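First the structure, in the form of structure tokens, and then the observations on it.
Everything quoted here is computed from the prediction, not taken from an experiment.
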Amino acid sequence: MELSTRKTEAKALPRLGAAQKLLAFASLVLLVVVFSAASSNFFTFDNIIGILLSTAVIGVLALGSTFVIITGGIDLSVGTAMTFASVMTGVFITFADWGIVRGVLGGIAAGACCGLVSGWAVARMRIPPFIATLAMMMVTKGLSLVISGTKPIYFNDAPAFAKISMGTAVERIIPGFEVPNAIFIYFGLAVAASVLLTQTIVGRYAFAIGSNEEATRLSGVQVRLWKIVIYTITGAFSGIAGIMMASRLNSAQPALGQGYELEAIAAVVIGGTSLSGGQGSILGSVIGALIMSVLTNGLRILSVPQEWQTVIVGLVVLLAVYADILRRRNA
Amino acid sequence: MNDELVRMEGISKSFPGVQALADCRFELRRGEVHALVGENGAGKSTLMKILTGVYAKDAGTIRIRGKETDIPDTKTAQRLGIAMIHQELNLVPALTVAQNIMIGREPRRFVPLFLNEKKLEREAADWLDRLRLKLDPRARVADLTVARQQLVEIAKAISCRSEALIMDEPTAALTDAEIGDLFAIIRRLKAEGVGIVYISHRMEELKAISDRITVMRDGRCIDTVATADAPVERIIAMMVGREIEPRSAPAGVSREAEIVLEARHLNRGRAVRDVSLQLRKGEIVGLSGLMGAGRTETARALFGADPLDSGEIRVNGRKVKIRQPRDAVRAGIGYLSEDRKRFGLLVDMDVQSNLSLPSWRRFSRLGWMRNAAIRHEAGKTADDLKIKTPSLEQKVKFLSGGNQQKVVIGKWLMRDCDILIFDEPTRGIDVGAKAEIYGLLESLAAQGKAIVVISSELPEILRVSHRIVVMCEGRVTGELTAAEATQEAIMKLATDRNA
């Protein structure tokens with residue numbers, strides 16, 4: 001291949017990957033513009049805050065899922081692991097009187113444990129990720145009901161807990177700017193996740209494993225170990241999501257959670273991360289999550305029936321995956 | 001009425017960058033066993049794939065039973081009565097013997113939708129009887145031994161009314177007793193007028209069963225001789241006889257050089273049987289043998305890519321336990337696999353990442369990647385090896401074969417591996433780049449690295465090796481110094497099954 005053509009190809013390819021992100025971002029902007037034009041109730045401070053707040057929990061799940069999906073795997077248990085973590089947090093804070101800090105750390109650890117078990121099943125027992133995490137989903141769903149006695153656990157004894165998500169710490173800096181903490185936590189976590197993915201060895205290995213697992217193994221990397229680490233990270237994010245969710249509802253609801261994983265995966269895919277692994281980005285997952293919330297919110301404001309909202313979101317996911325496939329074919 | 005079944009003349013076939021066949025001539029008569037021999041890459045399977053319709057010839061004529069024909073696809077070949085029994089048998093393990101024999105031609109009842117199982121079994125049983133094969137038509141193929149599975153394949157081929165049967169390495173997985181049984185069946189087929197092409201490298205077998213032998217080399221049919229007239233040495237000479245460019249044999253490494261790698265009594269199933277090797281600092285050892293000899297399996301076992309059943313490995317005198325590639329890399333061993341795109345590179349990632357992958361742990365501090373340092377070192381390595389790439393960010397899949405191989409070499413050099421195992425280092429690389437790789441091997445050895453080169457190309461092995469170890473069917477059959485090594489000597493050891 002001539003040097004000149006190679007040079008242009010070299011420049012074109014990074015752009016293609018960026019193009020997908022650009023496409024996602026452009027779609028988001030387009031949606032916001034369209035909905036703002038369609039209804040004056042859309043682009044208001046309260047509504048935007050509402051959108052961001054409703055994105056937060058699923059957004060955090062999507063952040064965690066990004067890691068696993070980049071390795072070429074998948075985690076269907078993030079939704080129920082989140083619930084399990086929230087139930088455990090309830091147990092720690094309300095029943096065991098641990099105090100908020102230890103309770104929160106315990107909740108995150110509970111989520112991480114779920115990830116650890118999933119990772120073990122995938123890496124050591126060689127169970128396909130879909131099956132392993134499907135099983136994990138059912139186990140954690142059941143455990144949540146068992147441990148909580150199928151009843152919600154309330155955090156009334158620890159009023160500071162609700163402030164984690166719903167407090168407005170930013171008001172102390174900018175008076176009158178009532179933005180719930182959850183939104184800042186989400187974006188802060190997104191930055192942290194991005195750094196983890198792009199600047200640390202964990203993220204680097206995730207990309208390598210997703211790109212070509214066997215070649216990575218034959219390069220002397222302990223693939224099994226790192227897979228377990230990555231699934232544990234995903235679990236930890238599920239734990240954080242569980243705490244944010246419980247804080248928002250001021251209770252741990254053991255019946256919730258299932259279904260959230262699919263929305264998280266949809267957000268990741270819409271954002272341009274490929275299910276076959278080897279590439280993806282945190283920014284894409286954030287944009288994907290926002291697209292889904294904006295879509296749902298905008299449709300609701302336009303009084304589109306809730307049933308139709310799900311249909312439309314589903315179609316958007318289909319289009320996003322198709323766009324991904326087309327892009328790969330041309331790359 | 002001539003009993004000529006197949007006559008191929010002037011057959012040529014080329015693939016991008018490679019002339020696989022040039023002006024080949026081959027004919028098969030009724031009732032004969034015609035052996036087809038040649039080393040790896042000689043063109044045997046390409047020629048047969050043209051006969052069975054898998055490939056289309058670029059030039060030449062094919063006559064079947066005297067009539068000039070074209071064989072554009074496998075169905076045509078089947079219709080013409082040509083069938084091939086591959087080394088990897090084409091059977092469906094979950095189905096029965098009868099179902100496999102009649103596959104694609106299952107008898108129906110009432111409506112084409114419904115299968116007539118009884119008729120299917122009866123027809124299959126008929127064929128088995130006719131060939132006097134003692135097989136239970138109801139047995140599941142997965143439960144049969146390889147030898148019996150082969151018999152199912154033969155029955156299948158004959159039931160398609162094949163008159164020309166091509167057998168590719170039929171005895172590779174058989175015991176001596178089973179080979180005897182197979183030969184009895186082959187003789188029976190001969191008596192019925194079936195022509196058989198017998199592809200094998202096992203000299204004693206060829207002498208025992210074949211009537212004529214055709215030797216191929218470098219894409220040409222060198223000669224066809226009557227088996228009775230051709231002693232084994234003559235066959236081997238024809239297989240390898242080529243002008244080698246005069247070059248000085250690489251000087252061997254002194255006996256005083258320390259032994260950096262020692263493998264003792266390695267065992268892995270049937271593929272690696274009691275293999276022992278020694279490697280000295282600065283030495284290039286060529287590991288030669290035919291396909292299936294166990295060279296790659298030995299290399300992979302040394303590297304921890306596959307688990308060993310038993311055996312000891314010592315690096316610099318110290319015993320090491322190598323159970324996964326990580327252990328081998330830590331001991332300073334690097335492995336360049338045969339298929340660099342599948343196993344050696346992350347083709348969708350850039351040059352820099354590929355070069356640094358085994359070293360990432362070293363370039364990270366508490367998990368944090370030192371990108372500047374990585375870029376610097378990778379750049380140095382790329383320059384040292386003269387890797388041609390527009391930038392370090394170029395995705396590796398856009399590099400030429402030779403440069404891709406350099407990236408694989410570079411990644412082990414960056415990791416300070418002093419023992420390198422090259423498996424088919426110049427596969428898929430053009431002539432110019434090959435010479436560069438040879439030069440690289442020599443300079444690495446001069447720097448003190450210890451190198452094992454696995455190659456199926458005899459000229460290549462002879463050109464680079466200080467010492468050559470030859471394997472056959474999992475065992476080491478012999479060792480030759482550069483001075484003693486000739487293509488014939490290697491080939492003799494490579495076909496020696498009685499070591």
(message) Counting heavy-atom pairs under 4.5 Å with chain A, which one of B/Pro358, B/Gly304, B/Gly367 comes out on top?
(response) B/Gly367

(message) A side-chain contact here means heavy atoms from C-beta on lying under 4.5 Å apart; do A/Phe207 and B/Asp348 qualify?
(response) no

(request) Mind checking the CG-OG1 spacing from B/Leu366 to A/Thr200? Nearest 0.5 Å is all I need. (result) 11.5 Å

(message) I need the residue from A/Thr198, A/Thr216, A/Val195 with the largest number of non-hydrogen atom pairs under 4.5 Å to chain B.
(response) A/Thr216

(request) Among B/Phe343, B/Trp412, B/Trp360, single out the residue with the greatest number of heavy-atom pairs under 4.5 Å to chain A. (result) B/Trp360

(message) Just to be sure I understand the criterion: a residue of residues 217-238 of chain A counts if one of its heavy atoms is under 4.5 Å from a heavy atom of chain B. Which ones qualify?
(response) A/Arg217, A/Leu218, A/Ser219, A/Gly220, A/Val221, A/Gln222, A/Trp226

(request) Please determine, among B/Asn354, B/Leu346, B/Val329, B/Val408, the option with the most heavy-atom pairs under 4.5 Å with chain A. (result) B/Leu346

(request) Measure across A/Ala215 and B/Gly344 and return the closest heavy-atom pair with its distance rounded to 0.1 Å. (result) CB-N, 4.3 Å

(message) Is B/Leu345 in contact with chain A via its backbone, its side chain, both, or neither, using a 4.5 Å heavy-atom distance?
(response) backbone

(message) Does B/Arg361, at its CZ atom, have more than 12 non-hydrogen atoms belonging to other residues, nucleotides or ligands within less than 6.0 Å?
(response) no

(message) Quick check: under 4.5 Å, non-hydrogen atoms only, which of residues 414-424 of chain B neighbour chain A?
(response) none

(message) Just verifying a value: how many Å separate A/Gln199 CD and B/Asn371 CG, rounded to the nearest 0.5 Å?
(response) 5.5 Å

(request) Could you tell me whether the side chain of A/Asn212 and the main chain of B/Arg342 form a donor-acceptor pair under 3.5 Å? (result) yes

(message) Under 4.5 Å from any heavy atom of chain A, what part of B/Phe363 do you find: side chain, backbone, both or neither?
(response) neither

(request) Find the distance between CD1 (B/Ile374) and CZ (A/Arg204) and round it off to the nearest 0.5 Å. (result) 5.5 Å

